[in-house]
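All remarks here apply to the structure that follows.
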Amino acid sequence: MLPAPPAMPGCPPGLEYLTQIDQLLVQQKVELVEALVGFESNNKYEIKNVLGQNVFYAVEENDCLTRQCCGPLRSFTIHVLDNFGQEVISVTRPLNCDRCCCPCCLQELEIQSPPGNTVGYVVQTWHPFFPKFTIQNERKEPVLKLSGPFCGWNCLPDIDFEVLTLDETAKIGRISKQWTGLLREAFTDADNFGVQFPLDLDVRMKAVLIGACFLIDFMFFESNQ
C-alpha cells in the first residue's frame with residue numbers, strides 16, 4: 001500500500017499523489033455473475049500507477065432497477081477512494097438520452113474533490129462522426145479538449161481518445177482503451193484504460209480526466225443488456 005503523501009497547499013486533500021505522476025492504469029474488475037448471466041452489476045475499478053501499485057479504488061453507486069433498465073445510459077455516482085478508504089473524488093453523471101445525431105442529447109459529468117467541492121466538468125460536444133468532449137474547470141470555463149476516433153473502431157486493438165490543447169493544435173495526453181484478450185472482450189464488458197497527462201497539469205484537471213475515463217467506458221464500451 002502506498003503511504004499517504006503529505007498535504008500540499010492548494011491541492012485538494014487526497015490528490016497529492018497525482019502531482020507526482022503523468023499516467024495511470026484504470027482496470028475494471030470482472031464480475032463473475034455479470035459475465036455468466038448478463039446481470040448488470042455496479043462497476044468497480046482499480047486505479048494503479050506504472051508499477052502496478054493501487055493508488056485509488058472506484059465504486060459505482062446505483063440501484064438494481066436503474067442498472068437493468070437503463071444499462072450504459074444510466075445515471076451514476078462513482079466514488080473514488082484512496083488506500084485508506086477516504087473518498088477523494090466524486091464523479092456524477094445525470095440521466096440523459098444518448099443520441100449522437102441529436103445535439104440536445106449530450107452527456108455531462110461533474111467531478112468533485114473532495115466531495116462537495118466541484119473542480120471541473122466533462123461536457124460532450126456535438127459532432128456527427130467523432131466523439132468530442134470539452135474539459136472545463138469549476139467555473140465551466142473550457143480548459144482542454146478530448147477527441148476520439150471515427151465511430152467504426154470495434155475492430156481496433158487499442159483505441160485512443162486524445163487530450164488536446166484548447167485550440168486543438170497539440171496533443172498533450174490520451175485516454176486509451178486497451179485490448180484485454182479475446183475471451184475477456186467477448187464475454188465481459190470489463191475494460192482496461194490508460195490515462196496519460198502532463199506531469200505539471202493541475203491536479204484538479206487530472207481528476208477530471210479520470211472522471212472522463214469513466215464516462216468513455218459507459219458511453220462506448222459498456223454492453224447494452
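Position 1 is the first residue of the sequence, and the numbers go up from there.
Side chain of Thr92 to backbone of Thr77: no donor-acceptor contact under 3.5 angstrom is found. In this structure a side-chain-to-backbone donor-acceptor pair under 3.5 Å is missing from Glu60 to Asn42. Side chain of Asp82 to main chain of Phe84: a donor-acceptor pair is present (N/O by atom type, distance under 3.5 Å, no hydrogens or angles). Asp217 places no side-chain N or O within 3.5 Å of a backbone atom of Cys213 that could act as its donor or acceptor partner. Under the 3.5 Å distance criterion, the side-chain polar atoms of Lys206 are matched with a main-chain donor or acceptor of Leu199.
No continuous path of hydrophobic side-chain contacts links Leu164 to Leu201 [ILVMFWY only; heavy atoms under 4.5 Å]. At a threshold of 4.5 Å between side-chain heavy atoms, the hydrophobic network of Ile, Leu, Val, Met, Phe, Trp and Tyr places Val119 and Ile21 in one connected group. Tyr17 and Leu15 fall within the same hydrophobic cluster, where Ile, Leu, Val, Met, Phe, Trp and Tyr residues are linked whenever their side-chain heavy atoms come under 4.5 Å apart, directly or through other members. Both Val143 and Ile111 sit in one connected hydrophobic cluster of ILVMFWY residues. Membership requires side-chain heavy atoms under 4.5 Å apart, directly or through other members. Note on Ile47 and Val163: same hydrophobic cluster, where clusters join Ile, Leu, Val, Met, Phe, Trp and Tyr whose side-chain heavy atoms are under 4.5 Å apart, directly or indirectly.
Atom CD of Glu46 is separated from atom CG of Leu25 by 9.5 Å, given to the nearest 0.5 angstrom. Rounded to the nearest 0.5 Å, atoms CD (Gln23) and CZ (Phe197) are 8.5 Å apart. If you take OG1 on Thr125 and CG on Leu146, they are separated by 9.5 Å, rounding to the nearest 0.5 Å. Atom CG in Leu209 sits 14.0 Å away from atom CZ in Arg204 (nearest 0.5 Å). Going from atom OG of Ser90 over to atom CG of Asn117 covers 11.5 Å, rounded to the nearest 0.5 Å. The CD atom of Gln112 lies 9.0 Å from the CD atom of Glu87; values are rounded to the nearest 0.5 Å.
Using a 4.5 Å cut-off between side-chain heavy atoms of Ile, Leu, Val, Met, Phe, Trp and Tyr, Leu51 falls into a hydrophobic cluster with Val50. Leu166 belongs to no multi-residue hydrophobic cluster, having no ILVMFWY side-chain contact under 4.5 Å with any other such residue.
Proximity of Val88 to Leu81: side-chain heavy atoms (C-beta onward) are nowhere separated by under 4.5 Å. With contacts defined as side-chain heavy-atom distances shorter than 4.5 Å, the pair Glu168/Lys132 qualifies. In this structure the side chain of Phe218 reaches within 4.5 angstrom of the side chain of Arg93, judged on heavy atoms. At least one side-chain heavy atom of Pro12 sits less than 4.5 Å from a side-chain heavy atom of Pro114. With a 4.5 Å cut-off on side-chain heavy atoms, Met219 and Gln124 count as touching. Counting only heavy atoms from C-beta outward, the side chains of Phe193 and Ile216 approach each other to under 4.5 Å.
Considering only residues two or more places apart in sequence or on other chains, Arg174 meets the salt bridge (Lys or Arg N to Asp or Glu O under 4.0 Å) condition with Asp160, Glu162. For Tyr45, the ring-ring contact (aromatic ring centres under 6.0 Å, His included) test picks out Phe214, with sequence neighbours left out. Legend: residues meeting ring-ring contact (aromatic ring centres under 6.0 Å, His included) with Phe133, ordered by chain and number and at least two apart, are absent.
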Exercise for the section: Could you walk me through whether Gln28 and Asn43 pass the side chain to side chain donor-acceptor pair (under 3.5 Å) test, one step at a time? Expected result: CA-CA 7 Å; Gln28 185 178 354; Asn43 284 4; 3.3 Å; yes
Practice task
Please lay out, stage by stage, how Ile210 and Leu24 fare under the test side chain to side chain contact (heavy atoms under 4.5 Å, CB included).
Solution key: CA-CA 9 Å; Ile210 293 173; Leu24 289 166; 3.7 Å; yes
Handout entry: Derivation of the salt bridge (charged side-chain N to carboxylate O under 4.0 Å, His left out) call for Lys140 and Glu108
Key = CA-CA 11 Å; Lys140 288 204 167 188; Glu108 180 174 329; 3.1 Å; yes
Handout entry: Derivation of the side chain to side chain contact (heavy atoms under 4.5 Å, CB included) call for Leu215 and Gln107
Key = CA-CA 8 Å; Leu215 180 60; Gln107 300 299 306; 4.2 Å; yes
Handout entry: Evaluation steps, side chain to side chain donor-acceptor pair (under 3.5 Å), between Gln27 and Lys48
Key = CA-CA 8 Å; Gln27 293 183 315; Lys48 302 180 180 183; 3.0 Å; yes
Problem - Worked verdict on Gln136 versus Glu141 for side chain to side chain contact (heavy atoms under 4.5 Å, CB included) - result: CA-CA 5 Å; Gln136 301 177 343; Glu141 298 168 340; over 6 Å; no
Problem - Verdict with supporting geometry, Ile135 and Val122, side chain to side chain contact (heavy atoms under 4.5 Å, CB included) - result: CA-CA 5 Å; Ile135 306 300; Val122 181; 4.0 Å; yes
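A cation-pi contact links Lys177 to Phe221, judged by a cut-off of 6.0 Å to the six-membered ring centre and 45° from its axis.
In summary, the aromatic rings of Phe220 and Phe161 are positioned with their centroids under 6.0 Å apart.
The shortest heavy-atom contact between Ala212 and Ile175 is CB-CD1, 4.0 Å. Contact record, Ala58 with Ile78: CB-CG2, 3.8 Å, taken as the closest heavy-atom pair. Between Thr19 and Cys11, the shortest heavy-atom contact is CG2-SG, 4.5 Å.
Applying the salt bridge (charged side-chain N to carboxylate O under 4.0 Å, His left out) test to residues at least two apart or on different chains, none of the pairs has a partner in residues 5-25.
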